[in-house]
Amino acid sequence: MTIDRRSLLSGILGSAVALGFSRVALAASEVERVDDLISRMTIEEKAGQMTCLADAFRPFNPPNPDAGIQDVKRLAQEIRKGRVGCLFNGIGVAGARKAQEMAVNDSRLGIPLIFAGDVIHGLKTIFPVPLGEASCFDPAFVQRTARAMAVEATAAGLHLTFAPMADVARDQRWGRVVEGAGEDVVLTSLLSAARVRGFQTGDLRRNDSLVACPKHFAAYGAVAAGLEYGSVDISDETLRETHLPPFGASFAAGALTTMAAFSEINGVPATADRSLLTDILRGEMGFRGFVFSDYTADEELVAHGFAEDDRDAARLAVLAGVDMSMQSGLYIRYLPELVKSGAVPMATIDVAVRRILYVKAAMGLFDNPWRSLDEKVEATQIATPAHRALAREAAARSVVLLQNDGVLPIDPDRGRKIALIGPFGEDRDNVYGPWAFYGDPGKGVDIASGLRAAMPDSSLLTVVRGSDIRTGIPGGIDAAVKAAGAADVVLLAVGESQDMTGEAQSRTTIEIPAAQQALVDAVAAAGKPIVVLLRHGRALALHDGVANANAVLATWFLGSESGHAIADVVLGKVDPSGKLPVSFPWESGQEPFFYDRKSTGRPVLDNGSTEYKARYATTDNSARYPFGHGLSYTQFALDQLKVADPALRWDGTIEISARLTNKGSRKGAEVVQLYIRDRVASRTRPIRELKRMERVTLDPGRSRTVRFTLSRTDLEFVGADNQRLAEPGLFDVWVGQSSTGGLHTQITLYAAV
Ligand code: NOJ
């Protein structure tokens with residue numbers, strides 16, 4: 001027997017993202033085992049399987065004393081009674097073994113626990129934050145880093161990660177932008193699916209297979225005004241066109257769990273939304289795994305004003321389709337009585353338990369509850385030199401060169417004096433990023449250390465803090481200006497701390513904190529060449545000394561190898577090749593801002609006329625640096641755009657090609673991007689939509705022809721009645737190096753005859 005997890009019907013997702021069946025083989029004997037267990041389980045034991053609690057034996061995050069079970073004796077008792085199905089956010093094989101022994105040897109039915117954790121961008125080897133890594137625009141590479149993370153996580157005794165975050169994030173005020181792949185649907189879909197494949201491999205039973213949990217279902221990234229935990233009010237079409245596809249792609253790649261979002265959609269909290277969690281997720285999308293609540297999100301239905309009390313909240317969540325309650329303990333407390341009173345049918349509970357036990361069976365936990373619990377693997381597979389090398393490569397690939405007048409790269413052999421100024425120059429507390437709490441503090445490489453290690457004469461480097469992250473320091477600016485004056489080139493390491501991004505870190509302005517801006521402006525006035533090294537978890541609105549610097553690099557939070565990777569790029573060992581997964585607007589007030597916006601009836605015209613046009617009175621509604629933008633130290637040029645035949649038949653395909661040439665004198669990589677625009681449709685369409693991309697590495701003087709194939713499904717959108725459809729007619733096509741400009745042509749889709 002197989003669990004058929006055909007996760008996304010082609011009615012939801014275009015062909016830019018591979019669709020397909022993903023199946024997990026479950027032997028008939030395993031299905032029988034699950035059926036047999038369910039027939040013997042008490043309602044308390046069923047509610048236990050549906051309960052996930054923070055691992056108080058090995059707490060990592062500061063525990064919330066009001067939630068879960070903090071008392072370790074009590075937690076052990078509950079596991080022995082079979083009243084816990086999953087522990088989360090504890091790591092370490094020895095501790096996991098003890099807990100698993102309680103479940104397997106001491107509980108009546110011996111059902112193994114799942115050990116879950118937030119491995120978002122690494123366990124001990126910390127990779128760039130997902131938003132940073134998305135800059136590589138390279139699913140195959142992202143799959144490799146996810147694999148390395150999974151090897152470390154499973155070596156530490158974890159079975160499941162609450163990742164990838166598949167939320168499309170179009171408002172940079174929202175702190176969780178940092179956890180995903182940015183503003184674009186296709187990029188987020190491709191990278192989320194790649195992460196799932198990397199975490200899980202094709203074989204969930206492997207000791208190093210880490211079950212993925214794409215989250216947060218759904219449209220969490222669309223919270224109004226970027227306010228964390230806020231409300232989402234969107235059309236059914238936008239939900240299906242923008243926010244569901246990355247989940248569909250993740251399920252198609254084999255993800256067996258998902259997590260309901262904290263937020264509400266159109267007046268109904270996701271955790272209690274049966275239409276979302278059952279009709280859409282399972283009915284439309286064919287999801288066959290199980291659904292976690294987010295942390296105490298079922299209990300929060302009361303604060304939402306949607307449930308009368310905790311009992312009602314448990315009832316609403318389970319009826320909506322939340323199979324596993326995280327941390328509130330509400331299921332264990334209320335499901336037995338809710339079933340006895342008839343408020344929740346036992347059949348609903350059995351379906352949820354079956355889903356959970358099927359996943360446990362698919363992971364091989366019944367046959368081997370000790371999988372991923374091997375001290376030898378733990379001792380040898382974590383923080384390996386190979387992972388560290390991959391983290392350095394990932395970090396360098398994540399850097400985006402936003403502007404450069406030629407000051408970069410700095411030739412390390414020219415003996416130039418470098419002043420490294422700013423709160424992040426020597427800082428090790430903000431190299432990992434906001435979701436790396438298993439990482440060992442202080443083991444990441446700061447920028448100064450990275451530069452010193454790479455410079456033939458490190459005495460040429462002067463480091464001055466100049467300012468704290470949020471406030472100035474006495475004499476800081478004077479010291480910085482003095483150091484700048486004595487240097488040949490100034491590196492300014494400024495931006496956000498990691499606690500200004502991530503969960504619950506929405507900001508009203510997305511700017512460099514004022515104290516640091518003052519530092520930059522004062523140093524810039526010294527007149528030396530300035531290179532800004534931005535540290536950030538979102539797109540930023542840059543001003544004055546930062547915006548006018550000779551060069552600006554987006555360096556996000558790059559993880560363990562931050563300083564080495566930044567030195568690699570700044571000193572020219574590595575050519576920057578990252579592309580922006582989020583648009584950098586001119587001003588914070590443009591948010592939410594994304595490149596695939598609508599034309600409006602009054603677009604700003606090419607002739608520059610802005611009177612009574614769709615723009616702000618104070619700024620153009622364009623981007624300072626658009627989605628897909630990113631420079632290199634070499635120069636790439638595209639030409640020879642060719643379409644074999646611009647007529648696309650209804651069931652046909654069309655090939656579009658262009659030649660990329662490296663016209664500079666260095667080897668480099670470019671991401672060639674293909675965008676379309678549907679000229680006229682029954683729903684207004686965005687001014688551009690990314691459909692294809694390919695990363696190409698070329699030696700100087702070399703060319704390569706890049707070929708893209710499109711079919712009708714690439715031209716589809718969600719129209720009336722939430723149906724995905726393509727309409728015959730004219731389409732613009734651009735092949736370019738970002739979401740603006742590029743070579744242009746047109747194709748026509750013809751109706752079936
Ligand atoms: C809350 C976050 O929203 C979610 O992303 C995370 O996985 C859980 N906490 C568990 O730590």
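Every number for a ligand or one of its atoms is a count from 1 in the order of the listing.
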> Between Gln505 and Thr501, is a side-chain hydrogen bond (donor to acceptor under 3.5 Å, both in side chains) present by the stated rule, with each step listed?
Replying inline: CA-CA 5 Å; Gln505 297 307 326; Thr501 76; over 6 Å; no
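Heavy atoms of His216 come nearer than 4.0 angstrom to ligand 1 in at least one pair. Using a 4.0 Å cutoff on heavy atoms, Arg176 counts as a contact of ligand 1.
Ion pairing between Asp167 and Arg176 fails under the 4.0 Å rule for side-chain N and carboxylate O.
Of the protein's heavy atoms, Asp118 OD2, 3.2 Å lies nearest to atom 10 (C) of ligand 1. Closest protein heavy atom to atom 9 (N) of ligand 1: Asp294 OD1, 3.4 Å.
Ligand-side atoms of ligand 1 in range of Lys215: 4 (C), 5 (O), 6 (C), 7 (O), range being under 4.0 angstrom from any heavy atom. Close contacts between ligand 1 and Asn89 involve ligand atoms 11 (O) [criterion: under 4.0 Å to a heavy atom]. Residue Phe162 approaches ligand 1 through these ligand atoms, each under 4.0 Å from one of its heavy atoms: 7 (O). Residue contact check: Met326 has heavy atoms under 4.0 Å from atoms 10 (C) of ligand 1. Ligand-side atoms of ligand 1 in range of Phe262: 1 (C), 3 (O), range being under 4.0 angstrom from any heavy atom.
Figure legend: cation-pi geometry between Arg170 and Phe594, with NZ or CZ positioned under 6.0 Å from the six-membered ring centre and within 45° of its axis. Cation-pi geometry between Arg397 and Phe141 is met: under 6.0 angstrom from the ring centre, within 45 degrees of the axis. Judged by the 6.0 Å distance and 45° axis criteria, Arg354 is not positioned over the aromatic ring of Phe290.
Ring planes of Phe217 and Phe251: tilted class, angle from 30 to 60°.
With Tyr229 as the partner, the ring-ring contact (aromatic ring centres under 6.0 Å, His included) test is satisfied by one option alone out of Tyr220, Tyr295, Trp174, Phe262: Phe262.
When non-hydrogen atoms are compared, ligand 1 lies under 4.0 Å from neither the backbone nor the side chain of Met165.
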